[in-house]
Amino acid sequence: MPRMTDVRSLLSQALSSALDAVCPGHALTVPSVSACHDARYGDYQSNVAMLVAAAGNLAPRELAASVAGALRLEDLCAKVEVAGPGFINFHLRPSRIAALIAEMAADPHNGIASAANPRRIVVDFSSPNTAKAMHVGHIRSTFLGDALARFARAVRHEVITDNHVGDWGAQFGMLIHGYNTRLDREAEKRDPVAEFERLYREVSQESSRNEETREKARRELAALHAGEAESVEVWKKIAELSLAEFEKLYRRLGVRFDHCLGESFYNPSLPEVVAELRRLGIAEESEGAICVFFREDPVLKDAAPMMIRKKDGAFLYATTDLATLRHRAREWRADEILYVTDARQKLHFQQIFAAAEKWAGAPGNSLLASADARLPRLRHIVFGSVLGADKKPIKTRSGDPIKLADLLDEAEARALKIIEKKNPALSAEARRAAARVLGIGAVKYADLCQNRNLDYVFDWNKLLALQGNTAPYLIYAYVRIRSIFRQGGIAPLGQTLPPPSVLSHDAELALAKKLIQFGDTVHAVLDDCRPHLLAGYLYELSTRFSRFYETCPVLKAAEPDRGARLLLCDLTARVLQRGLGLLGIETIEEM
RNA sequence: GCGCCCAUAGCUCAACUGGAUAGAGCGUCGGUCUACGGAACCGAAGGUUGCAAGUUCGAGCCUUGCUGGGCGCACCA
C-alpha cells in the first residue's frame, strides 16, 4: 500500500478517477506517481497509461492523452502533458509549491506523515560481547539500528530498542579462572575491558598447552552454570564493568537503548523452550543433539539442521534467539522485529524465522500471548563488512580489530586538525565541539550513506572530505544558513516566518520542489530499511541549496523575495537538521 | 558439492525496486574570483552497466547459462 504526500496522493486520486471515466473496468487500483528524476520531464510523472494499455491491448499514448484530457488539475498543475512511450507528466504551479512550503514549515513534523498502520517495532542491534572491546565490527549494526529506530519513531511507530549483548558462553570459564588467578587490579581500574581481554587471551593460550589450566577453566564454567555464588559474582562484575564501558561509547555516539537484555537473561528459560519444541514435534533428537529440521523447506532442507541443544546438553545461539523471540512476542507484543546483524548470519536467521513459523502454528505454543495473536513480522536487516584500503575486512597493523574508541578518537582528531586549518578564528571550545560533531558525524554518515547490503571501503580522506556526499558538506550547508540568520539578526530556528507569496527564480523552485519530497523519502527509507535513501536526498537538497545560495541573495533581496527566501533557508536548515538527526548525526552552528 | 551476496566512468558510490538521453564525488582539463562563510559554484572529457541468450511497449534492475570475487553451510556466537 503506497503512502503518498499530498501532491502524490492528489495526483494519484485524480488519475484514478480520470482512468475510471476513460477506461471503465481497468484493473489498476492505485496509479503510481513518482517524482521525475529529470526536471526536463516535469515535476511528477505517472506510467499508469502504459500499464493499463498493456493489460487492455490499447495504444498507450492515445490512452495517456485521453486520461490527461479527463484530468481536472488546473489549480494544482500549470501543465499536464503526454510524453515518450506514454508517460503523463505533471508540472506544478509555482503558487502551489509556495503553499506547500508554507504548510510544511508550519507542520511540527515538517511533512513527515504518520505511518498508515502504526506498529510496535523491536529493533535488535549493536549486541557487543561483554569482556571484549567494541570495535569496527560493531559500527554498522549500531549506526543502522539506531537510525532505523529513529526513522520508525519519526513516523510514529512505537519502537523498543534492545541491546542483546553477548554476556554468556563458554569463554566465561576461562575468564573467571583468569580473573581469580592473575587479575591486575590497576589495569582493571584503568581499562577493565582491556584487562578482561588480556586475561582471556592468556588463559586461552595456556589451556591449549596445559591440561591443568583447561580443567580449571572447565570447572569454573560448571560452577557458573550451577549458580555457585563466587563464580556468579565474578561473572556479574565482568558484565557490569563491560556494560559501563559500552555505555560511555553509546553516550558518545548518542545511541540509546530501552532494554539491554543479554543472553544470560534468557538462560533460565532455555530448557523449557527446548522441551516445548520437542513436545510440539518441532525439534527432534539427532546424533545425540536436539535439532529442528526443515525437510519441507525447498531451500533449508539441504542445509544443516538448526541445533538447539548439543550432545553434552549445552544450549546454543539458536536456542537463545528463540527464547528471545518468545519474550518479545509474548511479553512485549511486538508486531515486528528488526534484527540488525551482518550478512553472514543470513542462514541462521532464515532458520530462526522458519522455526518461529512452525512454533507459532503449533496449538498450545507459549510463543504467542494468545491463540489469536500473530507471529511478529521478522526481518533480518543484513549489511556488508567494513573493508580497509586493501579491500579486506579492516584491521589494525597488528591484525587486531580496530577499537571503536580509538576510531572515534581518530575521527575527532582529524576533524579538529581540519577545522583549525580552515577556521582558526573559532574559539577553542567551539573548535572542540565542532570536531566532535563533524568527526563522529562523518564516520556515521560514511556508513549510512551507502547501500547497506554492500561491503564498503573505509577511507578517512573520503569521509571527512568537504565536498561530495559527506557529513561535513551537509553540516556546512546547515552552518551557512545559520550564518545568514545570525547576520540578519534573526536567530532562532523554526520561528514564524511569513509564507512565501512568490517563488519565481529557478533555483528557488528547484530547492522548494526538493523540500516537499522530504516526508516521502523518510517513508521510503522505512519500506526497505535503507537509510542511504535519505542520505542521498539530503545531499541533493544541499547541492540545490548551494546553487540557490550562489544565485539568490537573501538578506539583500527586496520584499517579497527576501521573506520567501528566508523561509526557504529556514526550512532547508530544519530539514537538514531533522534529516541528519534521523541518521543519528548532530548539527552545529559554526565550524 | 549446495546456498546466499556482489560485479555500473580510472577510483569510491547512486540510479526512487521494470521507465524516458544511466547520475554524483574524487582525480584530469577549463571557467566564476574583494564572496549573506570560496569548506562554494559552473562547465568539459570520461560508459557495449563482467559475458551470452531470453521475457516485453521498455531491462543496470526480472529469467537461464557462463566468468570472476566475497561469505555461509552439525555440536562457536
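Per chain, numbering begins at 1; letters A, B, ... match sequence-line order. Bear in mind the structure is a predicted one, so any value in this text is a computation, not a measurement.
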Sugar-phosphate only, base, or nothing, as touched by A:C449 at under 4.0 Å among non-hydrogen atoms: nothing

Please measure how far the P atom in B:A14 lies from the corresponding atom in B:A7, and state the result in whole Å. 9 Å

Base-pairing mate for B:C71 - Watson-Crick or G-U, with both contacts under 3.5 Å: B:G3

Name the pairing partner of B:U49, where a pair is Watson-Crick or G-U wobble with both distances under 3.5 Å, or state none. none

With no angle test and no hydrogens, is the base of B:U17 tied to the side chain of A:D528 by a donor-acceptor pair under 3.5 Å? yes

Find the distance A:K462:NZ to B:C26:C1' and express it as a whole number of Å. 9 Å

Using 4.0 Å as the upper bound for N to carboxylate O, is an ion pair formed by A:E412 and A:R436? no

Expressed as a whole number of angstroms, how long is the span from A:Q467:CD to B:G27:C1'? 11 Å

If you look at every strand shown and take non-hydrogen atoms under 4.0 Å, does A:A35 touch a base, only sugar-phosphate, or nothing? base

How would you label the contact of A:N423 with the nucleic acid (heavy atoms, under 4.0 Å): base, sugar-phosphate, or nothing? base

What is the distance from NZ of A:K391 to P of B:A7, rounded to the nearest Å? 12 Å

Taking NZ, NE, NH1 and NH2 as the nitrogens, is one of them in A:R8 or A:D520 under 4.0 Å from a carboxylate oxygen of the other? yes

Measure distances between side-chain N and O atoms of A:N47 and base N and O atoms of B:G19, and say whether any donor-acceptor pair falls under 3.5 Å. yes

Answer whether the closest heavy-atom distance between the side chains of A:Y539 and A:Y445 falls below 4.5 Å. yes

Touch class at under 4.0 angstrom, heavy-atom based, for A:K422 against every strand present: base

Over all strands shown, is A:V382 touching base, sugar-phosphate only, or nothing at heavy-atom distances under 4.0 angstrom? nothing

Between A:Q350 and A:P472, which residue's closest nucleotide on RNA chain B lies nearer the 5′ terminus? A:Q350

Between CG of A:L534 and P of B:A14 the distance, given in whole Å, is 15 Å

When the C1' atoms of B:C62 and B:C71 are considered, how many whole Å apart are they? 24 Å

Length of the CG-C1' vector between A:D455 and B:C5, whole Å: 9 Å

Are side-chain heavy atoms of A:Y456 and A:R140 found at a separation under 4.5 Å? yes

Searching all strands shown, indicate the nucleotide that pairs with B:G27 (Watson-Crick or G-U wobble; both distances under 3.5 Å). none

Does the pair A:K301/A:E296 count as a salt bridge with the N-to-O cut at 4.0 Å? no

salt_bridge(A:R40, A:E81) N-O dist < 4.0 Å: no

What is the nucleic acid contact for A:M306, judged by heavy atoms within less than 4.0 Å: base, sugar-phosphate only, or nothing? nothing

Phosphate-side-chain proximity, A:Y473 and B:C41, N/O vs OP1/OP2 below 4.0 Å: yes

Does B:G37 have a Watson-Crick or wobble mate here (both distances under 3.5 Å), and if so which one? none

Distance, C1' atom - from B:C6 to B:G68, rounded to whole angstrom: 11 Å

Check whether any side-chain heavy atom of A:R61 sits under 4.5 Å from a side-chain heavy atom of A:P85, and report yes or no. no

Could you state the NE2-P distance from A:H532 to B:U17, rounded to the nearest angstrom? 12 Å

Which value, in whole Å, describes the distance between the C1' atoms of nucleotides B:A74 and B:G18? 42 Å

Separation between the C1' atoms of B:G46 and B:G10, rounded to whole Å: 9 Å

Using atom C1' of each nucleotide, how far apart are B:C61 and B:G50 to the nearest Å? 16 Å

On a whole-Å scale, what distance lies between the C1' atoms belonging to B:A59 and B:A52? 15 Å

Rounded distance (Å) that lies between atom P of B:C75 and atom CD of A:E287: 10 Å

Watson-Crick or G-U counterpart of B:A14, or none if no pair lies under 3.5 Å: none

For the P atoms, the ones on B:G27 and on B:A40, what distance do you get once it is rounded to whole angstrom? 11 Å

Taking a pair as Watson-Crick or G-U wobble with both distances under 3.5 Å, which nucleotide is matched to B:C57? B:G19

At 4.0 Å (heavy atoms only), tell me whether A:V457 reaches a base, stays on the sugar-phosphate, or touches nothing. sugar-phosphate

When you check the phosphate oxygens OP1 and OP2 of B:C76, does a side-chain N or O of A:K310 lie under 4.0 Å from one of them? yes

Whichever of A:G288 and A:I484 has its nearest RNA chain B nucleotide further upstream toward 5': A:I484

Can you tell me the distance, in whole Å, between the OH atom of A:Y537 and the P atom of B:A24? 18 Å

Syn or anti conformation of B:U17, syn meaning chi within 90° of 0: syn

Has A:Q487 got a side-chain N or O lying under 4.0 Å from the OP1 or OP2 atom of B:G37? yes

Please state whether the base of B:A77 and the side chain of A:T320 form at least one donor-acceptor pair under 3.5 Å? no

Looking across every strand, which nucleic acid part, if any, lies under 4.0 Å from A:R562 by heavy atom: base, sugar-phosphate, or nothing? nothing

Any ion pair linking A:E508 and A:R565 (charged N to carboxylate O, less than 4.0 Å)? yes

